[in-house]
Every structure is written in C-alpha cells, then in structure tokens.
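The sequence lines fix the lettering, A, B, ..., with proteins before strands; numbering per chain opens at 1. These numbers come from a predicted model, not from an experiment. For the numbers below, each heavy atom of this structure counts, side chains included, while hydrogens, waters and symmetry mates do not.
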Amino acid sequence: MTHGHSFWFWLVWACVIWYSTITIYVSVKGAFDIKQMLRDLKERGEKQDGGEADKTPPQSK
Amino acid sequence: MNFSWPIDGTIVGVYLLATMVAGLLVRKYVSRVEDFLVAGREMNVYLGIASLAATEFGIITCMYTAQAGFTNGFAGALPGLCSAAAMFLVGLTGFCVKPLRDSGAMTLPELFEKRFGKFIRWLAGVVIVFGGLLNMGVFLKIGGDFLCLVCGFDIKWLAMMMTVLLVMVAVYTILGGMLSVLVTDFLQFVVMSIGLLVVTVMILQQVGWEKLVATVEQHHGAGGFNPLANPNLGWSFIIMQILGNTAAVLTWQTTIARLLAAKDTDTGRKVYTRTSFFFVCRWLIPGLWGIAALAVIGWQPLKQLTANELAKVPPAIQEKISASKPGAPLAQLSEAEAASLAPAVANKLNDASLHAMPKFLSTFIPVGLMGLLIAAMLAADMSTDSSYMLSWGSVIYNDILGPFRRRAWTDRRAILWNRCIVALIGVYLLVFGLLYSIEGNVWSYLLLTGSIYLSSMSVLLIACCYWKRANNWGALGAIILGAAVPIAHLSMEKIPATAKFAASLGKDAAGIGAFVAAALGMIAGSLLKPRAETKP
C-alpha cells in the first residue's frame, strides 16, 4: 500500500485528514469569532461616541 | 483546456462578489487607526487560524511548492516540516512572541525602540519594508501566470490579469484595513481549503500513490525521498530552512500581525500551535500536485518553446536539454551553449518546472471543478496580497513615517495615510511584477530576499528579549551586516561578470551567511560599545 515509503504515505494522508477536519471546525468556530469581534468593536465604538470621547478627540501616535 | 465561461466563470464570479461584499461591509467598523492596522486587537483563535493559514498560502506558495515537488520529489516538502516544527515550538514555549505581544506594540520595530532607541526603530522599519516588498514583488506576476495557464488564456493577458486581481484586493484592503482582511481571509480560507482538498483527493485517486512514488523514484532516485541524498538540497539547504523558517515564525510581519491582532498573548500562542501543522500541508499538498504533473505530462522543457524558437536551437543542444533533470534544463550545457540561447528562450526553459503544475491542472480538472479550483486559488492569492500590502504598509506608517510626525494625528488622518500607503504598495506591485524576472528557483529567491530582514530582525528580537548586554551599536551592526550579504548576492547575480560566482555560492549559502553576519554584528557591536556608568 505504501510502496516502501510509509513516512511520506502517512504524512500525505495525515495532511488530508487533518486539513479536512480543521476546515470544517474552523469554518464553524471562525464564523462565531467574526460575529463576536464585530459585536465587540461596535460596543466599543458606541462607548467611545457616548463616553469620554466627547471631551478629547481620539489621537494616534 | 477545461475552463468553461458559463459554468466555471459563474462559480468564480459568485466567489468574487461574495468576497468583495464581505470585505466592504465591515469597513464601517473602522474608526481608529488600531482598528485599521490590528483589527482593534479583537481577533480570537479560530479566526486567527483561518487568517494565518489563508495569508500564508497564496498562488505563489502553490507554484513554488509544486515546483519543489516537481524538481525534488517528496524531499522538496522539507521546508514545510521545518516551518511547522518552528511554529509549534514557538507557540508552545512563547519564545520571543510572548514578550512581543505583552509589549503591546503594533509592529516589531515599535518593540525595538524601547530597547535600542528611535533610530534603530526607523532603520528596522526600512529594512523590513525593503526586504518584504522585494519579496512580495513577484507575487502578482506568478499569480497571473498561474491563472493564464490554468484557464488557457494567452500570456499577453497577463498584465490585465495582474491589474484586475490587484484592484479587487486593493479596494477592500484600502477601505477596511485589517478588519476587511480578517473577514475576507476567513471566507477565502474556506473556499481555498475546499479547492485544495478536492484536487488532492482527485490526484490520489486518479493518478494513484503507486504512480506518484514510481515517478519520484525514476526521476530523483533516493534523493526524491531523502533531502540528504538529494544533490540539489543537502546540508546547506536544510540549515537554511531551519534558520529561515524559525526566523520567519518569529519576525515575518504578516505572521506576527496575527499575533499582535490577537485578543491576548495566550490567544496568539494558540493560533501558532494550532496552525503549525498547516505548514506541512502548505508544502506537501501542492508538492504532490507537482509530482503528479511530472507523472502525467513528464519533463518536456522544449515544449515551452514555439516552433520558431525551437528551430533556432541547434539539435545537439536540444538533445542535452531533453536529457536534463527536471527543473534544470540548462545544467548540461557548456557556458558557450547556454550563452548561445536567446534570453527569452532560456527564461522559458527555466520556467518549465514552474509552469508544469498549472499546465497539468488545466487538462486534469474537469469543467465545474475548474471553477472551484480557480476560485480557491483566487481566494488564496487575494488573502495573501491583502495581508502583505497591509502588513508592510503598517510598518511604513508606524515606524518609517512615525518619527517625522511632530504632533499626534487624529485617527481620521492616520487612516487616510494608511490607505494611501496601501494604494502605493499596490502600484509598486504591479510595476515590479511586470519588470523583474527571477533567476532560478522561486522559493530560494523568496527566502533570500526575506533573509535581508529575517536574519537581522530575528537576531534583534532574540537579543532584545533575552540578552541584557544588547544595545543599539549591536542592533546597527546586525541590521547592516544581515542585509549586506543577501543584497550583495542578488546584485552579483544580475552583474554578468559576477553571475557565475554568485551561482557557485548558491542562495542557501548566501542566506546562512546573512544569519551568521547578523549575529556577529550584534555580538561585536554590543560588546564594543562602552557600558554606561551606573551610579552606586
């Protein structure tokens, strides 16, 4: 089955299996991460607009 | 060619539309320069994994890793193993990346300022941008090459293909910065991964493991499986891979941008450890495509030439080229014979190994799946280009232009400047890609141009984090010496009188030389500077 090159044979299949699994897992979890990130950014933006930001304009170095 | 406009074109069109919409929708969340450059440091683990994987796999990656498989067999995937090991160990131990993320810096030079002063920050920024832009200058052209070959378009459409690709990427990167990059990276990761996996499984099923192994044995012998038995690789290649890949994990701006955009240090480290195995896939999967190309279409460099060009090549030279090893069409020619070939002909012959994989795919992949493959490759390329443009842009804004800003800028003004910088990088990419041609192996070129800064920046980072005696004299020595060696080698390659000497040295030796020179510069400079008097 491996034709004498078991290291490369199993490494290739490890890549295919690991990559398939991680693609499905990251596709689901990553979507939640994006949702969370945008929600956090929105909340922070709202806080800035309504809070201390009215006294001093946001500055960058 | 199996590209069908109604079917494959629609699949590609839908993907492009979805990407552009996603990239443009999130731009409204960008209100501060920190949002633009590091996505407000709100990135979590899985988005980080998707983004890092998508960024570090572009069409250029697919092309040079397939070329490595074509010219060196399975042994050509060695850099992936080195890279994965380095990334896993760095993520696990937090070596350098923990102090870097803890410092709160947005770029590497910003951290250096705390230890080595403002001038070193500025100089580090210049070296990073110089090495980085030289490195990514060839991305667009090779991406355009791939698309023309796979779709079966005439190469005269290359410039237009490059421009269209660039404009699409530039639009959402300029408007949404890192936020758009992260969101589109996620989408691109999914599309790219599906395409890569489908094509790989098809190759394993239809070409078959037995034929792949037999092809490598026939063309490369034991050297196709063991890098130490391969005359193209050997110890200097292995040492350079270990040094270069470790340095890239620690200091490559697009990689550490994910660390710096992470919510906290632990999240950044998790992104590293959990993405590490992807770097094996990144080399082995396209490497397998390259081996499949060799198995199916074989090594026929003369087929690259037109009938007119072929007629001008003497039969004796044609025979030698046909009998050459994959990837080295001119290796058996004498100096006079090689010089007798027109430069355009020599370039075409040298590109034979690079173009083999897309040519193979253009006939191997059926209609329908071809659209998925093109969409996957576009996804890979767009995510890489956008991240690279933003990463080098952030260093130009933060570290090179920073010292010239006498007063603090408003976020609005800072974001505008960043957008202009990203646009200028886009223009540079287009011009450089059309004008520059690579001598020899693409991966070696990328590693050598990368080592202009990888060598010195990795030495600076390690010294900054762990060597108390390190100072600005040492940092200056490391930057100058680390950049001098690869620049000298690249220049010698282009000067006819020194080209032969540069080729005999090899890119790997030049790269190792850069690391040694940078380390010596740091040690000598730091020890030579008199210690400051400390009050009792």
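For B:L212, no part lies under 4.5 angstrom from a heavy atom of chain A. Of the atoms belonging to B:R413, not a single heavy atom falls under 4.5 Å from chain A. Only the side chain of B:V213 comes within contact range of chain A, judged by heavy atoms closer than 4.5 Å. For B:F277, the parts lying under 4.5 angstrom from a heavy atom of chain A are both the backbone and the side chain. Looking at B:V26, only its side chain comes within 4.5 Å of chain A, counting heavy atoms on both sides. Contacts between A:W8 and chain B at a heavy-atom distance below 4.5 Å involve backbone atoms as well as side-chain atoms. Contact of B:S193 with chain A is made through backbone and side chain together, with heavy-atom distances under 4.5 Å. Neither the backbone nor the side chain of B:V30 comes within less than 4.5 Å of any heavy atom in chain A. For B:A75, the part sitting under 4.5 Å from any heavy atom of chain A is the backbone (N, CA, C, O) and nothing else. Looking at A:I24, there are no atoms closer than 4.5 Å to chain B (heavy atoms on both sides), in backbone or side chain. Proximity to chain A is absent for every atom of B:L187, based on heavy atoms less than 4.5 angstrom apart.
Between the side chain of A:R44 and the backbone N or O of B:G40, at least one donor-acceptor pair lies under 3.5 Å.
Using a 4.5 Å heavy-atom cutoff, the side chains of A:L41 and B:L179 are in contact. Side-chain atoms of B:V190 and A:V26, non-hydrogen and from C-beta on, never get closer than 4.5 Å to each other. Counting heavy atoms from C-beta outward, A:W18 and B:F278 have side chains that approach closer than 4.5 Å. Contact of the B:E42 side chain with the A:Q36 side chain is not registered, since no non-hydrogen atoms from C-beta on lie closer than 4.5 Å. A 4.5 Å side-chain heavy-atom check between B:F189 and A:T23 finds at least one atom pair inside the cut-off. Side-chain atoms of B:N44 and A:M37, non-hydrogen and from C-beta on, never get closer than 4.5 Å to each other. Using a 4.5 Å heavy-atom cutoff, the side chains of B:Y29 and A:K42 are in contact.
The structure places OH of A:Y25 at 7.5 Å from CZ of B:R274, a figure rounded to the nearest 0.5 Å. Taken from CD1 in A:I22 to OH in B:Y46, the straight-line distance is 8.0 Å, to the nearest 0.5 Å. Atom-to-atom distance recorded for A:S27:OG and B:I194:CD1 is 6.5 Å, nearest 0.5 angstrom. Interatomic distance, CD1 of B:I285 versus SG of A:C15, reported as 5.5 Å (0.5 Å rounding). Atoms CH2 and CG, on A:W13 and B:L284 in that order, are 12.0 Å from each other to the nearest 0.5 Å.
Chain A forms more heavy-atom pairs under 4.5 Å with one residue of B:V201, B:V45, B:L204 than with any other, namely B:L204. For chain B, the option among A:V16, A:L38, A:D40 with the highest count of heavy-atom pairs below 4.5 Å is A:L38. For the options B:V280, B:L182, B:I49, heavy-atom pairs under 4.5 Å to chain A are most numerous at B:V280.
Between B:F225 and A:F7, the ring center distance fails the sub-6.0 Å criterion.
Residue B:E210 places its CD atom among 12 or fewer non-hydrogen atoms of other residues, nucleotides or ligands, all under 6.0 Å distant.
B:E217 and A:H5 form a side-chain donor-acceptor contact under 3.5 Å, judged by distance and modelled atom types alone.
Nearest heavy atoms, B:C281 versus A:Y19: SG-CB, 4.3 Å.
Classification of the A:F9-B:W209 ring pair by plane angle, with boundaries at 30° and 60°, yields perpendicular.
Electrostatic pairing of A:D33 and B:K263 does not count as a salt bridge here, judged by no charged N lying under 4.0 Å from a carboxylate O.
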